[in-house]
Asker: 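I'd like to ask you about the structure that follows.
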Amino acid sequence: MESQILPDPRIRMGPVPDFDPGHTFLCGQCFRWTRVGTKTDASSDRSRQDDWVGIAGSHAIRLQWDGSCLSASGTTESELKGWWRPYLDLAENYSDLKLKLSAGDPVMEEAIRFGHGLRLLRQDPWETLITFLISQNNGIPRIRSIVNTLCTCFGEAIPFEGGMLHAFPTPEALAVLNSCGLDVCRAGYRSAYVIRTAQQVVEGRFDPNALSSMPYEEAREYLLPFHGVGVKVADCTLLFSGLHRSAFPVDRWVFRVMDTLYPGSGKTTKELQAFAKDRWGENAGLAQEYLFHYARSHL
DNA sequence: CTCCAGGCTGAGC
DNA sequence: GCTCAGCATGGA
């Protein structure tokens with residue numbers, strides 16, 4: 001049997017500094033990336049390969065990471081440029097950001113060293129809002145499970161590598177469900193939040209484009225009236241959609257890491273956020289993510 | 001069995 | 001304003 005030499009379908013994206021797919025995709029900011037293979041070359045421990053398949057919005061991609069360069073397949077040059085590069089935040093210089101965050105701060109320096117290569121994604125605001133509605137009082141593995149079931153059952157099929165993946169559901173697809181329509185997802189009491197929010201979006205109550213032009217405080221006030229949205233979900237939505245990188249979500253882990261590593265930074269969410277805003281300013285969201293990532297493994 | 005997980009709602013002060 | 005039980009579900 002003659003082996004057919006196919007053209008390499010990979011698109012080379014070149015060297016990407018300050019990138020680690022594991023830290024970026026598994027830190028809890030997104031829930032639809034799967035590691036599909038890891039190889040470590042025995043001859044040199046720097047040469048390795050890390051393969052991921054990810055879905056965001058209605059886009060799917062396979063990423064290959066060799067430790068310094070990214071390549072992609074299952075996508076196109078235009079989709080790469082118009083969606084995935086912005087999504088992966090590749091235009092941002094994380095060396096500068098890390099220097100600003102860790103200047104004179106050994107705690108942050110250690111958190112950054114541990115979470116090296118973690119990048120904040122720029123996710124679709126609708127998808128981010130629903131995802132973090134589901135995240136409340138929940139664990140990351142189960143959030144992944146619920147979100148993936150939600151997409152499989154209600155998201156449009158995306159042909160991918162000879163099989164099918166599923167886009168994140170549209171607001172319309174979720175708004176038409178009755179109260180038990182989401183039971184298959186096992187999201188518990190959060191199902192009602194998801195459906196009611198979808199209905200409010202369809203009714204025109206929520207406009208992601210409007211959200212993107214608002215200052216932080218206004219955007220937060222805009223999100224809070226949604227059923228099931230409190231300050232945590234609102235801040236996560238604004239941070240992980242890339243709309244407001246100064247947002248500083250506070251949960252159990254962040255509270256613990258602040259109380260332990262920054263004693264005196266505050267006892268309430270508001271106090272911690274004031275501390276973060278004063279200390280890290282527009283990069284508070286990235287600081288939060290490094291701290292969250294660090295806290296989950298060390299505290 | 002209990003406790004916990006990227007919290008929020010509604011009721012009672 | 002503030003505190004706090006209750007909430008669905010599954011894993012440790």
Side-chain angles (χ1 to χ4, degrees), chain A residues 22-33 56 111 114-115 118-121 123-125 127-150 153 177-200 206 220-261 266-273 276 284-299:
Chain A
H23 289 168
T24 298
F25 298 141
L26 299 180
C27 69
Q29 62 177 322
C30 59
F31 302 93
R32 301 205 69 200
W33 285 87
F114 176 74
L118 193 164
R119 281 174 177 257
L120 285 178
L121 302 173
Q123 306 182 70
D124 174 67
E127 177 171 347
T128 312
L129 176 60
I130 296 302
T131 296
F132 280 91
L133 268 179
I134 291 169
S135 81
Q136 68 175 256
N137 199 22
N138 213 341
I140 289 178
R142 205 164 81 89
I143 298 167
R144 294 175 61 86
S145 165
I146 293 171
V147 170
N148 280 309
T149 305
L150 182 77
C153 293
L177 298 174
N178 59 31
S179 60
C180 49
L182 278 183
D183 285 358
V184 61
C185 297
R186 313 295 295 166
Y189 63 89
R190 309 167 192 83
S191 294
Y193 299 159
V194 171
I195 293 173
R196 281 181 62 171
T197 296
Q199 291 169 346
Q200 289 177 289
F206 174 63
R220 202 188 201 198
E221 294 303 314
Y222 185 81
L223 288 175
L224 287 177
F226 285 93
H227 194 49
V229 175
V231 290
K232 171 70 196 315
V233 172
D235 280 336
C236 282
T237 301
L238 295 175
L239 176 60
F240 298 133
S241 62
L243 294 176
H244 291 284
R245 296 296 180 102
S246 64
F248 191 85
V250 175
D251 65 6
R252 297 172 169 92
W253 288 108
V254 173
F255 204 93
R256 244 166 90 184
V257 74
M258 294 295 283
D259 193 40
T260 305
L261 302 179
K267 294 181 176 177
T268 68
T269 296
K270 278 189 174 182
E271 288 167 354
L272 290 181
Q273 291 180 328
L286 183 59
Q288 182 274 163
E289 198 58 12
Y290 281 127
L291 292 173
F292 174 75
H293 194 238
Y294 183 81
R296 280 199 304 151
S297 315
H298 291 80
L299 298 182

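Below, read A as the first sequence line, B as the second, and so on, with proteins coming before strands; counting in each chain starts at 1. All heavy atoms count here, side chains included; hydrogens, waters and symmetry mates do not.
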Asker: Expressed in whole Å, how much space separates the P atoms belonging to dT2(B) and dG6(C)?
Answerer: 14 Å
Asker: Please tabulate the protein-to-nucleotide N/O contacts below 3.5 Å involving nucleotides 11-13 of chain B, giving atom names and distances.
Answerer:
none

Asker: F255(A): what forms a ring-ring contact (aromatic ring centres under 6.0 Å, His included) with it, not counting sequence neighbours?
Answerer: none
Asker: Which pairs pass salt bridge (Lys or Arg N to Asp or Glu O under 4.0 Å) with one or both residues in residues 223-252 of chain A, sequence neighbours excluded?
Answerer: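 Of all non-adjacent pairs touching residues 223-252 of chain A, those that pass salt bridge (Lys or Arg N to Asp or Glu O under 4.0 Å) are D89(A)-R245(A), R220(A)-D235(A), K232(A)-D251(A).
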Asker: If we take the P atom in both dG11(C) and dC8(B), what is their distance in whole Å?
Answerer: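 The answer is 24 Å between these two P atoms.
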Asker: Are the side chains of L26(A) and R144(A) in touch, meaning some heavy atoms are under 4.5 Å apart?
Answerer: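 Heavy-atom side-chain distance check passes, below 4.5 Å.
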Asker: Any salt bridge (Lys or Arg N to Asp or Glu O under 4.0 Å) pairs touching residues 182-199 of chain A, not counting sequence neighbours?
Answerer: none
Asker: Roughly, in whole Å, what's the span from CZ in F132(A) to C1' in dG7(B)?
Answerer: 13 Å
Asker: Before giving the answer on side-chain contact (heavy atoms from CB on, under 4.5 Å), spell out for L129(A) and V229(A) the whole-Å C-alpha distance, their side-chain angles and the decisive distance to 0.1 Å.
Answerer: CA-CA 9 Å; L129(A) 176 60; V229(A) 175; 3.9 Å; yes
Asker: Hey, are the side chains of L291(A) and V254(A) touching, using non-hydrogen atoms and a 4.5 Å cut-off?
Answerer: no
Asker: Using the side-chain contact (heavy atoms from CB on, under 4.5 Å) criterion, which residues pair with T128(A)? Sequence neighbours excluded.
Answerer: Q123(A), F132(A), T237(A), F240(A), S241(A)
Asker: Taking only residues two or more places apart in sequence, or in another chain, which ones meet Y290(A) in a ring-ring contact (aromatic ring centres under 6.0 Å, His included)?
Answerer: none
Asker: Are the side chains of N178(A) and I195(A) in contact, using a 4.5 Å heavy-atom criterion?
Answerer: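 Side chain of I195(A) against side chain of N178(A), heavy atoms only: no contact under 4.5 Å found.
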Asker: Is there any salt bridge (Lys or Arg N to Asp or Glu O under 4.0 Å) pair reaching into residues 284-299 of chain A, and which pairs are they, with sequence neighbours excluded?
Answerer: none
Asker: Could you list where the contact with chain A starts and ends along DNA chain C, reading 5' to 3', using a 4.0 Å heavy-atom cut-off?
Answerer: dC7(C) to dG10(C)
Asker: Using atom P in both nucleotides, what's the gap between dC7(C) and dG6(B) to the nearest angstrom?
Answerer: 22 Å
Asker: For DNA chain C, what residues of residues 284-299 of chain A have any heavy atom nearer than 4.0 Å?
Answerer: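 Heavy-atom contacts with DNA chain C come from no residue of residues 284-299 of chain A; none.
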Asker: For the residue pair F226(A) and F206(A), does the interplanar ring angle fall in the parallel (under 30°), tilted (30 to 60°) or perpendicular (over 60°) class?
Answerer: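 It falls in the perpendicular class, over 60°.
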Asker: Between dG10(C) and dT9(B), how far is it from one C1' atom to the other, in whole Å?
Answerer: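 About 22 Å, rounded to a whole number of Å.
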Asker: With a 4.5 Å heavy-atom cut-off, do P249(A) and L239(A) have their side chains touching?
Answerer: yes
Asker: Between L150(A) and I134(A), is any pair of side-chain heavy atoms under 4.5 Å apart?
Answerer: yes
Asker: What does the list of N/O pairs under 3.5 Å between the protein and nucleotides 1-5 of chain B look like, with a distance for each?
Answerer:
| residue | atom | partner | partner atom | Å |
| --- | --- | --- | --- | --- |
| dA5(B) | OP2 | R252(A) | NE | 3.2 |
| dA5(B) | O3' | N138(A) | O | 2.9 |
| dA5(B) | N7 | N137(A) | OD1 | 3.3 |

Asker: By ring-ring contact (aromatic ring centres under 6.0 Å, His included), which residues pair with H298(A), not counting sequence neighbours?
Answerer: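 Partners of H298(A) under the ring-ring contact (aromatic ring centres under 6.0 Å, His included) test: F114(A), Y294(A).
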Asker: Under the criterion side-chain contact (heavy atoms from CB on, under 4.5 Å), I'd like the reasoning laid out for T24(A) against Q29(A): C-alpha separation, chi angles, the key distance, then a yes or no.
Answerer: CA-CA 8 Å; T24(A) 298; Q29(A) 62 177 322; 3.8 Å; yes
Asker: Can you give me the N/O atom pairs linking the protein to nucleotides 8-10 of chain B at distances under 3.5 Å, or say none if there are none?
Answerer:
| residue | atom | partner | partner atom | Å |
| --- | --- | --- | --- | --- |
| dC8(B) | OP1 | G230(A) | N | 2.9 |
| dC8(B) | OP1 | G230(A) | O | 3.2 |
| dC8(B) | OP1 | V231(A) | N | 3.4 |
| dC8(B) | OP1 | K232(A) | N | 3.2 |
| dC8(B) | OP1 | V233(A) | N | 3.1 |
| dC8(B) | O4' | Q136(A) | OE1 | 3.1 |
| dT9(B) | OP1 | G228(A) | N | 2.9 |

